[in-house]
Each structure stands twice: as structure tokens, then as C-alpha cells.
Amino acid sequence: MGRSVVVTGAGSGIGLATALRLAGAGYEVIATARSTEKAEKLAARAEERGLHLQTLALELTDADACHAVFAEIAERTGGGPWAVVNNAGVVTPRAVEDVTEADARRVMDVNVHAPARIARLVLPGMRSRGEGRIVNVTSMGGRVSLPLNGWYCASKSALRALTDALRMENAALGVHAILVEPGFHTTALLEHAAEALHEPSTVCEQFTASYRATAVALRSTGRYASPDVAAAAILRALRAPRPKACYRAGTAARLSVASNALLPTVMTDRTKKSLAGLAPSHLGLRRRLAGMAGLPGLSVPQRTDG
Ligand SMILES: NC(=O)c1ccc[n+]([C@@H]2O[C@H](COP(=O)([O-])OP(=O)(O)OC[C@H]3O[C@@H](n4cnc5c(N)ncnc54)[C@H](OP(=O)(O)O)[C@@H]3O)[C@@H](O)[C@H]2O)c1
């Protein structure tokens, strides 16, 4: 039997691709999905491919459920898993002030507090064995903040900071904390983001047009990498004898992080605003021109898709 690896949020997207890839590579995979039904579907998908996965239902925002599931995993693995891939995540797009406090808390809960809780649960076993890996799936958004995605970027940036600290705290004890930073991958996450941009802004009517432009771009799935690209980066992080601090998945992640670090902020801001439909021509300039022409305010383009 190979080394045991827990993968959270394995019911879809990058988590599913990772669970299947790791099982194919010989790891003993314990894959968690949010409900028993999703966990069963996941096991069936693996079986269809001739792979074996152990599956468990786990709602990550439920602290008691996390304790119970990791106690069960400790029993199954004889003291705890060799590695955990904290993959599960949610997205909360819209302008910072347009995200409700409840949604902002939820993104922090799933993307930051859940991996931190899991670290508390698995680290004692890893340290006592003198080996282990924690792979935290963040995002290029953890390094490059994007307009209309501030809360998600804040959550991934927080997880990156925690992972950096964990890496330094535990390296001498044989435990590696590793970042995997995906770029854009065709998964349900992008569709969820597009859906969240469907409702008009409640705080600024000009944002509504930007939401629509961004939703259209997010649904252009042909432009994005496969979730397998991120799964391959996760496998590299687990396989490397001396893992790097961070594995970036896909060209988008590599290019955007590099250009954000190298180019002046004025240039990167302009590009990011333009991609989000927040270019001056959409907001300030049109507003100023409207004012100069004595027109009443700026009208937002009307939806044509019903
Ligand atoms: N796709 C991208 O372009 C991209 C880019 C950068 C980073 N990432 C990161 O990659 C990771 C995987 O995302 P993905 O793109 O594969 O999207 P996805 O298909 O939506 O996968 C996210 C998974 O997390 C699970 N999840 C969400 N909330 C949960 C909770 N409270 N408890 C348990 N499970 C929960 C989801 O389960 P349900 O289906 O039941 O909700 C889903 O299986 C995330 O951390 C994401 O932030 C993705």
C-alpha cells in the first residue's frame, strides 16, 4: 500500500482530478466530499477507471465533523495520513463592499480556517513520525489581488501566509508545508463566480456592467487550463524528495505573478481594471464626459439576455 494522502473537496474540479491522479500514481487516497451522496459518486467515478479511493463525507465548516473525520482517518491509517491536500475552496466575487459580511466570513471559513483546523489535527501525528506533507491549494489570486475578487484574493493571501509560517515552523521536524498556486482552470468554481456576478450591484450601478463583462469572460471556458494541470502540480509537490515552497500551475499563474512583481503598479492596475471592465472609459471618463455634456448621470448597459 502506498503513502496515505487526504484530498479535501474531491467531488469536483481540481480535487477530483487530484484524487484520481494520486490513486493512479499508487497513493492510498482518502478523498472527502461535502456529502455522503457526493462521496459515493466520487468512489463510483474512480471505480469506473479501475482505481480505488476511500471516500468520506466532510463539511469543512463543521468543526465537530472535521474532528470526527480525522479521528476516523487516524484509525484507518494507523496514526494519521502521510499528507493532506487542502484543496476545497469557495469563491466570493463582486466588489469588496458588495459582498455581504456572511459571504465574506464563509470564504474565510472554508479557504482559511478549515485548512488551519486540519493542520492542527494532522500535525501532531506527522511530527511524531518525523515526516508528512501539507499541500495548501491557494491561487495566483493569493499573490495578485484582482478587482471584483477582493475577498477571495484576501482568503488565498491569508492561506499563503499561514502556509509560509507552517513551512518554517515544521521544516526541521520533517513536515513540509507546500503551496500550490493554480491560475485559471475550467471547473465549477468559475461557473459559481459567474453566477454570483449575475445580480446587479447593490452599491454602485457602474459595477453592474463590470460584473456582466466579467461573468462573460469567466464562462469562456475554452480559454482556461484543465484541472489536470493543477493536479499534476500537486503530484509534483508530493513526489519531490525535497519539495519547493511553491508550485505554480499553468501559464496564467506563472505569467501573472511574474508580471505583477516586475511591472509598475500603475501598469498592472490598468490591465487588471481593464480585464474586469473597470477601465477609465467605463467609469471615470464616461462619467466626466457625461457631466461635461450636461447629461444626467451614466446609464448602465441593459441586459439583452433576459
Ligand atoms: N478553477 C480555478 O480557476 C482555480 C484557480 C485558482 C485556485 N483554485 C482553487 O482550487 C481549489 C479547487 O477548486 P476548483 O476550481 O476545483 O473548484 P470546484 O470544482 O468548485 O471545487 C471546489 C470543491 O470544494 C468543495 N467545497 C466547497 N466548500 C466546501 C465545504 N464547506 N466543505 C467541504 N467541501 C467544500 C466543493 O464541494 P461542493 O461541490 O459540494 O460545493 C468542491 O468539490 C480551490 O481551493 C480553488 O480556490 C481554482
Side-chain angles (χ1 to χ4, degrees), residues 6-21 31-42 45 55-66 69-70 84-93 103 105-115 117-118 135-146 149 151-160 163 179-196 214 217-234 237 246-254 256-257:
V6 176
V7 181
T8 68
S12 59
I14 294 170
L16 174 63
T18 301
L20 297 176
R21 187 174 278 256
T32 77
R34 209 205 287 239
S35 65
T36 309
E37 197 194 348
K38 285 183 178 177
E40 282 167 1
K41 274 194 190 151
L42 170 60
R45 286 187 78 157
T55 57
L56 287 167
L58 176 57
E59 166 53 62
L60 286 161
T61 56
D62 181 341
D64 291 341
C66 287
V69 162
F70 275 86
V84 176
V85 179
N86 285 304
N87 161 76
V90 288
V91 68
T92 310
D103 282 345
R105 284 183 196 283
R106 188 175 67 95
V107 77
M108 289 297 176
D109 215 5
V110 177
N111 293 2
V112 184
H113 290 289
R117 182 181 303 124
I118 289 174
V135 177
N136 285 337
V137 179
T138 56
S139 166
M140 67 178 183
R143 291 186 196 266
V144 181
S145 191
L146 296 172
N149 214 10
W151 281 103
Y152 176 77
C153 293
S155 74
K156 292 299 187 177
S157 181
L159 182 58
R160 173 168 70 91
T163 312
L179 287 162
V180 169
E181 296 181 347
F184 282 106
H185 303 262
T186 308
T187 69
L189 193 92
L190 299 189
E191 182 52 36
H192 293 152
E195 274 165 23
T214 304
L218 288 170
R219 287 192 165 118
S220 310
T221 49
R223 296 164 49 171
Y224 306 124
S226 150
D228 280 318
V229 174
I234 292 170
C246 173
Y247 292 79
R248 246 157 238 148
T251 317
R254 281 190 280 272
S256 63
V257 172

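Predicted, not measured: the structure shown is a model, and the values here were computed from it. Both counts, for ligands and for their atoms, begin at 1 and track the order of listing.
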Of all heavy-atom pairs between [X] and [Y], which one has the smallest distance, and what is that distance?
{"X": "A39", "Y": "A33", "result": "N-CB, 3.8 Å"}
{"X": "F184", "Y": "M140", "result": "CE1-CE, 3.0 Å"}
{"X": "D228", "Y": "R21", "result": "O-NH2, 3.9 Å"}
{"X": "A233", "Y": "V180", "result": "CB-CG1, 4.2 Å"}
{"X": "F70", "Y": "V6", "result": "CZ-CG1, 4.1 Å"}
{"X": "L159", "Y": "N136", "result": "CD1-ND2, 3.8 Å"}

Heavy atom under 4.0 Å from ligand 1: found in [X]'s side chain, backbone, both, or neither?
{"X": "V91", "value": "neither"}
{"X": "K156", "value": "side chain"}
{"X": "L60", "value": "both"}

Report, in ascending order of atom number, the atoms of ligand 1 lying under 4.0 Å from any heavy atom of [X].
{"X": "G13", "answer": "16 (O), 19 (O)"}
{"X": "F184", "answer": "3 (O)"}
{"X": "L190", "answer": "3 (O)"}
{"X": "G183", "answer": "3 (O), 4 (C), 5 (C), 6 (C)"}
{"X": "V110", "answer": "28 (N), 31 (N)"}
{"X": "K38", "answer": "38 (P), 39 (O), 40 (O)"}
{"X": "V90", "answer": "27 (C), 28 (N)"}
{"X": "V137", "answer": "9 (C), 10 (O), 11 (C), 45 (O)"}

Return the residue, atom name and 0.1 Å-rounded distance of the protein heavy atom closest to [atom].
{"atom": "atom 31 (N) of ligand 1", "answer": "E59 OE2, 2.7 Å"}
{"atom": "atom 18 (P) of ligand 1", "answer": "S12 OG, 3.6 Å"}
{"atom": "atom 11 (C) of ligand 1", "answer": "N87 O, 3.0 Å"}
{"atom": "atom 22 (C) of ligand 1", "answer": "G89 O, 3.6 Å"}
{"atom": "atom 8 (N) of ligand 1", "answer": "Y152 OH, 3.5 Å"}
{"atom": "atom 33 (C) of ligand 1", "answer": "L58 O, 3.3 Å"}
{"atom": "atom 26 (N) of ligand 1", "answer": "A88 CB, 3.9 Å"}
{"atom": "atom 20 (O) of ligand 1", "answer": "L189 N, 3.5 Å"}

Does a side-chain heavy-atom distance below 4.5 Å link [X] with [Y]?
{"X": "I14", "Y": "I234", "answer": "yes"}
{"X": "L60", "Y": "I118", "answer": "yes"}
{"X": "V144", "Y": "V257", "answer": "yes"}

Determine yes or no for a side-chain-to-main-chain donor-acceptor pair under 3.5 angstrom, with [X] supplying the side chain and [Y] the backbone.
{"X": "K156", "Y": "V137", "result": "yes"}
{"X": "H185", "Y": "G183", "result": "yes"}
{"X": "S139", "Y": "E181", "result": "no"}
{"X": "N87", "Y": "G9", "result": "yes"}
{"X": "R160", "Y": "L179", "result": "no"}

Exercise. More than 12 heavy atoms of other residues, nucleotides or ligands under 6.0 Å from CZ of R117: is that the case?
Worked result: yes
Has ligand 1 got any nitrogen or oxygen that is less than 3.5 angstrom from a nitrogen or oxygen of [X]?
{"X": "H185", "answer": "yes"}
{"X": "S139", "answer": "no"}
{"X": "T187", "answer": "yes"}
{"X": "I14", "answer": "yes"}

Exercise. Is there a heavy atom in Y224 that sits closer than 4.0 Å to ligand 1?
Worked result: no
Exercise. Contact between T138 and ligand 1, counting heavy atoms under 4.0 Å?
Worked result: yes
Exercise. For atom 37 (O) of ligand 1, which candidate among E191, E37, E181, R34 provides the closest heavy atom?
Worked result: R34
For this session: Flag atom 42 (C) of ligand 1 as yes if some protein heavy-atom distance to it falls below 4.0 Å, otherwise no.
Result: yes
Problem set entry | Step-by-step side-chain contact (heavy atoms from CB on, under 4.5 Å) determination, T186 to S226 | CA-CA 6 Å; T186 308; S226 150; over 6 Å; no
